[in-house]
Structure formats: C-alpha cells, structure tokens
Amino acid sequence: MSAITLIATDPARFDPVALDQLEACARYDGMARIVGLPDLHAGNGIAVGAAFWSPSHVWPHLVGSDIGCGMALWETDCLVRKFRLSAIERKLHGLDAPWAGDHAEALAEVGLPPRVASPALGTIGGGNHFVEFQRIEAIADETRFADLGLRHDRVWMMVHSGSRGLGQAILQAHRQADARQGIPAGHAKAKAYLAEHDGALAWAILNRQIIARRFCESLGFDGRRVLDICHNSVTPHRGGWLHRKGAAPADRGLVTIPGSRGDFSYLVEPIAEAADHALHSLAHGAGRKWSRKDAHARLSRRFKVADLQRTALGSQVICEDRRLIFEEAPDAYKDIGMVIADLEQVGLIRVIAKLRPLLSYKTRAA
C-alpha cells in the first residue's frame with residue numbers, strides 16, 4: 001500500500017468515508033504516494049481534495065469528468081466605490097445562453113480543432129461552478145501585493161468552471177472496466193487519453209476566459225487576468241504522473257483558494273521549500289462538509305430560497321435553480337479559515353490577500 005500524507009492540524013476532522021476512499025486508491029498497483037489536503041471530502045468513489053502520484057500509471061477516473069476544472073482570477077477596472085449591487089444584478093442576463101462569438105476562431109487561437117466546438121463554450125455550468133465579484137478585504141503581504149502590481153481599490157472577479165461535456169466524453173471513452181487497473185503510461189491508450197486530456201485543459205482555460213469576457217462586457221468592465229489554475233488534471237511529475245482531483249497546483253505561481261459563496265477567498269503564493277511534502281499541491285477551496293443530498297435535506301427545512309440570496313457577509317447570490325441554491329449553501333462547506341490555517345501551519349503557502357464576496361452568480365432563468 002502506498003504512503004498517504006494528510007495535511008491537517010487535526011486529521012480527526014476528515015470524513016472517514018473520504019479516508020477510506022484514499023486508502024482504496026493506495027492499494028492500486030503502481031500507486032506510490034497520496035496526499036489528502038485540508039479540504040478533503042468524499043466524492044463519487046474518489047476523494048476530492050487529493051493528489052496521487054505514480055511513477056508508471058495513469059488513471060483517468062482520478063482526474064474525473066470535469067477535466068481542467070479550475071479557477072481564474074481577474075482584476076477589473078471597476079472601482080469598488082462604484083460597484084452597486086442592484087445595478088449589477090439587473091445587467092447580468094443572458095449569460096447562461098450559448099456564447100454568440102466565433103467559436104471556430106476562439107478554438108483555433110488556442111490550437112484546438114473544430115470538432116471540440118460546443119454550445120457550452122463560454123458558459124459556467126452547474127454544480128459548484130460560479131462567477132463571483134469580490135473586493136479586497138485585507139492585504140496580508142503589502143510588499144508582495146505591490147510587487148505584483150495589484151490594486152486594492154478595484155473589483156475582482158473569480159471564475160470557476162471547467163471543460164463541461166468535453167471532459168465527461170473523454171472520461172467515458174477512456175474509462176477502464178476495472179478502475180483500479182491504471183493504464184501503463186507508455187501504452188498507446190495512455191498516450192491517447194493524455195492527448196485528449198491536454199486538449200480539455202486548454203478548452204477549460206479558454207472557457208473561463210470567454211466567461212470572464214462575457215461578464216465584463218455585460219457590465220462595461222475591462223480587466224486583466226491575474227491567474228488561471230486547473231485543479232482536475234494529470235501532469236508529468238518527477239518522471240511519473242501526478243493526478244490532482246480537486247487540488248490546486250503549487251508549481252504554477254499564484255493560487256486563489258475560494259471559500260463558500262458566503263465566506264472569504266484567499267490569494268496565496270505557494271512556498272517552494274515545503275511543496276514536495278504535499279506533492280506540489282494545495283487545497284482548491286473550502287471543501288464540502290455535507291453532500292448535496294444532505295445539504296438540501298438539512299437546509300430546505302430551515303430556510304426559504306430568499307433567505308439564501310443574501311449571505312452573512314452581506315453579499316448577494318444569483319441562483320434561480322431552487323435545488324442548487326440549497327445544495328451550494330455556505331453551511332454545506334467547511335470553514336475556509338481553517339483550511340488556510342492548515343496550509344500555513346505546514347509552511348505550504350504565504351497569504352497575500354483576503355477577498356470578500358460582493359455578488360455570486362450561479363445561474364438564472366433568463
């Protein structure tokens with residue numbers, strides 16, 4: 001059985017089901033190291049918030065169906081003092097509809113073939129995906145913040161989405177009859193999967209970029225992308241293959257780690273000296289405390305939809321899917337402050353800034 005490292009000041013907080021899922025993966029032939037991050041939680045057969053390294057094999061199901069899912073963070077040119085929730089809310093319409101831009105041209109610009117065109121390009125999707133407008137709540141490292149050329153008086157925008165149906169199709173095409181049996185990395189099947197996987201990564205990054213443009217255009221904003229990271233991927237690492245399932249990369253520069261839609265998010269910088277301890281990976285968010293089913297069952301009895309359209313931090317939530325607004329409620333997620341503290345405790349990150357949510361967009365009818 002391969003070694004499992006848990007990144008947490010109190011591992012007893014982890015869901016036993018998630019730990020069982022890690023242990024099951026540790027028994028895979030060819031698996032060498034596994035890391036459970038502070039946002040670890042049980043997934044659909046595979047723990048989310050984990051990194052898996054093998055010197056010899058690739059497992060498509062460890063990446064999952066939303067290949068390339070990740071976070072992009074943009075600094076807009078809108079001043080915080082000019083951001084008016086009511087005015088912004090009125091302008092955010094039509095963004096769930098297919099993007100009207102030139103799909104073929106956009107795909108060609110990033111080296112993707114026309115066959116991966118989809119009406120989903122430029123749309124957020126469901127689940128835990130979102131666009132959130134934020135402001136700087138506090139700067140933890142003034143010098144680094146200034147060195148990066150960041151501005152504290154601007155509205156920021158975080159985009160969370162992935163490869164939509166493309167990733168799902170790739171997983172289905174390459175799913176193993178026995179998921180425990182990985183594909184030897186030198187095998188033609190592995191090479192075929194990795195080529196399609198890399199295309200899905202590029203598609204997901206493009207998707208986030210188009211989503212950001214659509215939202216900015218609808219509001220009359222301009223902006224610049226500060227970072228874009230994928231947290232569902234498999235990449236070469238030290239002669240082998242590093243699978244991240246709900247794990248942010250610690251070897252791609254700045255990282256944004258969001259809380260729930262009613263909590264703070266953090267802009268952090270990985271610390272290289274400690275990175276190997278966690279397989280060069282970080283938490284990708286707060287992590288679920290309750291499953292979607294449990295969240296709906298617990299919260300729909302206590303709250304009305306209108307109660308969840310405003311958060312304890314005063315931010316607004318646009319989510320016109322009556323089930324999703326309960327499934328994705330802040331109470332369904334862990335405390336992001338504890339997740340960040342765990343990462344700091346073991347020397348994996350340096351916090352640069354904390355961001356407060358202003359408006360979270362999930363989906364609306366029109």
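Side-chain atoms of Thr9 and Gln345 form no donor-acceptor pair, as typed in the model, at a separation below 3.5 Å. No hydrogens or angles considered: nothing links the side chains of Arg208 and Ser161 as a donor-acceptor pair under 3.5 Å. With 3.5 Å as the limit, one finds a donor-acceptor pair spanning the side chains of His129 and Asp66. Side-chain contact annotation: Glu196 with His174, donor-acceptor N/O pair under 3.5 Å present. Between the side chains of Glu328 and Tyr333, a donor-acceptor pair is found at a separation under 3.5 Å. In summary, the side chains of Asp96 and Thr363 do present a donor paired with an acceptor at a separation below 3.5 Å, with no hydrogens or angles considered. Judged by distance alone, the side chains of Tyr193 and Asp198 never bring a donor and an acceptor atom under 3.5 Å apart.
Note on residues 253-276: pairs passing salt bridge (charged side-chain N to carboxylate O under 4.0 Å, His left out), not counting sequence neighbours, are Arg33-Asp276, Arg144-Glu269, Arg238-Asp276, Glu269-Arg350.
Tracing side-chain contacts under 4.5 Å through hydrophobic residues (I, L, V, M, F, W, Y), one never reaches Leu62 starting from Val58; they form parts of separate clusters.
The number of heavy-atom neighbours closer than 6.0 Å to CZ of Arg224, taken from other residues, nucleotides and ligands shown, is above 12. Heavy atoms from other residues, nucleotides or ligands lying under 6.0 Å from CG of Asp147 number more than 12. The environment of CZ in Arg310 is crowded: more than 12 heavy-atom neighbours from other residues, nucleotides or ligands sit within 6.0 Å.
Scanning both residues, Cys230 and Pro249, for their nearest heavy atoms gives O-CD, 3.3 Å.
Remark: Ala120 engages Ser118, Thr123, Arg164, Trp203 in a side-chain contact (heavy atoms from CB on, under 4.5 Å) (not counting sequence neighbours). With sequence neighbours excluded, the residues forming a side-chain contact (heavy atoms from CB on, under 4.5 Å) with Cys78 are Thr76, Phe83, Val155, Phe221, listed by chain and number.
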